[in-house]
Amino acid sequence: MRIARFSIDGNVAFGAVKGDPASGPGGTDGLVVDIIKGVPFADFELSGTKVPLDKVRLLPPVLPSKVVAIGRNYAAHAAELGNEVPAAPWAFFKPSTSVIGPGDSIVYPSFSREVHHEAELAVVIGRLCREVPRERVKDVVLGYTCANDVTARDTQQTEKQWARAKGFDSSCPLGPWIETGIGLDAAADLAITATVNGELRQAGRTGQMIHPIEDLVVSITEAMTLLPGDVILTGTPAGVGPLHPGDEVAVTIEGIGTLTNKVISRG
Ligand code: MG
């Protein structure tokens, strides 16, 4: 099931996205949302009330208490920035205020001259959990969505902590929805791409991750409790590169969908 969060007539709701877009993958025409009674983190029912997806505004599919992101989890990406691969998963935070939804604008930060896209598979946590053993990871994952770990690369290189480089407002686009029908095995072998203005920039497979999803959840929850709606960004394949105001960046993950955002200057 594809679970979206959206607003319509000033109300916010979750819904199950149904149908196939007539214009092909990435399109929204012909899709409908069946409004969910309640929230998707518990048992829920579909209301049967269906609204065309074109008539709603998609929001970030979750409002995470925290986004835990993993650095250098693809060898080719670590190499392109001249970095070693860490022996254990290497986590950092992106704040809740960095999250934006599909179609929202990435606002170029005032302090940077070099902002990069990083296409990533995002894991959405479905239940409160800590110290999760490897064999229970499948029970705490609600599903998967697309993410863009937008990074002020120049700031990342001059500041030891990445709070500003990777935590500025609008630096964490998520969406377009949560795909709950993908199991851990399937999630471990999905095509992931980034395009800028339609031009292919990143193309990898989640199977290239150095530390797989299970290891990331084990490692993170050794240290902290994850709450329903928390998000793990699993690292980016090679091909990161600059974004400029006016650009349109799209992250597509096989079996999930396409997350598209425009880059704008600060007004
Ligand atoms: Mg990243």
Side-chain angles (χ1 to χ4, degrees), residues 60 62 64 66-100 106 108-109 112 114-125 144-175 187-188 190-196 200-213 215-217 219-220 226 230-243 247 249-253 256 259-261 263:
V62 281
K66 56 190 170 298
V67 176
V68 187
I70 303 297
R72 301 178 194 169
N73 202 24
Y74 288 74
H77 167 63
E80 73 181 342
L81 296 181
N83 293 315
E84 300 286 316
V85 169
W90 186 354
F92 61 92
F93 288 119
K94 291 172 85 78
S96 58
T97 43
S98 67
V99 173
I100 60 172
I106 298 165
Y108 209 100
S112 174
E114 190 187 5
V115 171
H116 281 194
H117 55 83
E118 294 190 359
E120 308 205 4
L121 175 72
V123 180
V124 179
I125 298 298
Y144 301 91
T145 191
C146 307
N148 194 340
D149 176 20
V150 182
T151 300
R153 192 71 69 205
D154 48 356
T155 308
Q156 185 188 26
Q157 282 154 1
T158 55
E159 298 182 5
K160 202 161 190 178
Q161 299 279 334
W162 298 347
R164 296 205 317 152
K166 284 176 171 283
F168 60 87
D169 289 357
S170 75
S171 65
C172 190
L174 293 177
L190 300 173
I192 176 167
T193 63
T195 63
V196 178
L200 186 66
R201 295 283 185 84
Q202 293 185 268
R205 295 196 71 84
T206 56
Q208 296 165 328
M209 283 184 205
I210 295 162
H211 304 291
I213 293 163
D215 290 1
L216 304 183
V217 174
S219 171
I220 291 164
L226 293 176
D230 280 353
V231 170
I232 298 171
L233 304 193
T234 54
T236 197
V240 301
L243 293 171
D247 284 347
V249 56
V251 175
T252 299
I253 303 179
I256 299 175
L259 166 68
T260 305
N261 299 90
V263 183

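In each ligand, atom 1 is the first atom listed, and ligand 1 is the first ligand listed.
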Have a look at [X] and say which of its N, O or S atoms is nearest the Mg ion (ligand 1).
| X | value |
| --- | --- |
| Asp149 | OD2 |
| Glu120 | OE2 |
| Glu118 | OE1 |

* Indicate whether any N or O donor in one side chain lies under 3.5 Å from an N or O acceptor in the other, for Gln208 and Arg205. => no
* Asked: Looking only at side chains, do His116 and Glu114 share a donor and an acceptor under 3.5 Å apart?
  -> yes
* Do the charged groups of Lys166 and Glu159 touch, with an N to O distance under 4.0 Å? ->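 No, this pair does not count.
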* To do: For Gln161, look at atom CD and say whether over 12 heavy atoms of other residues, nucleotides or ligands are found less than 6.0 Å away.
  => no
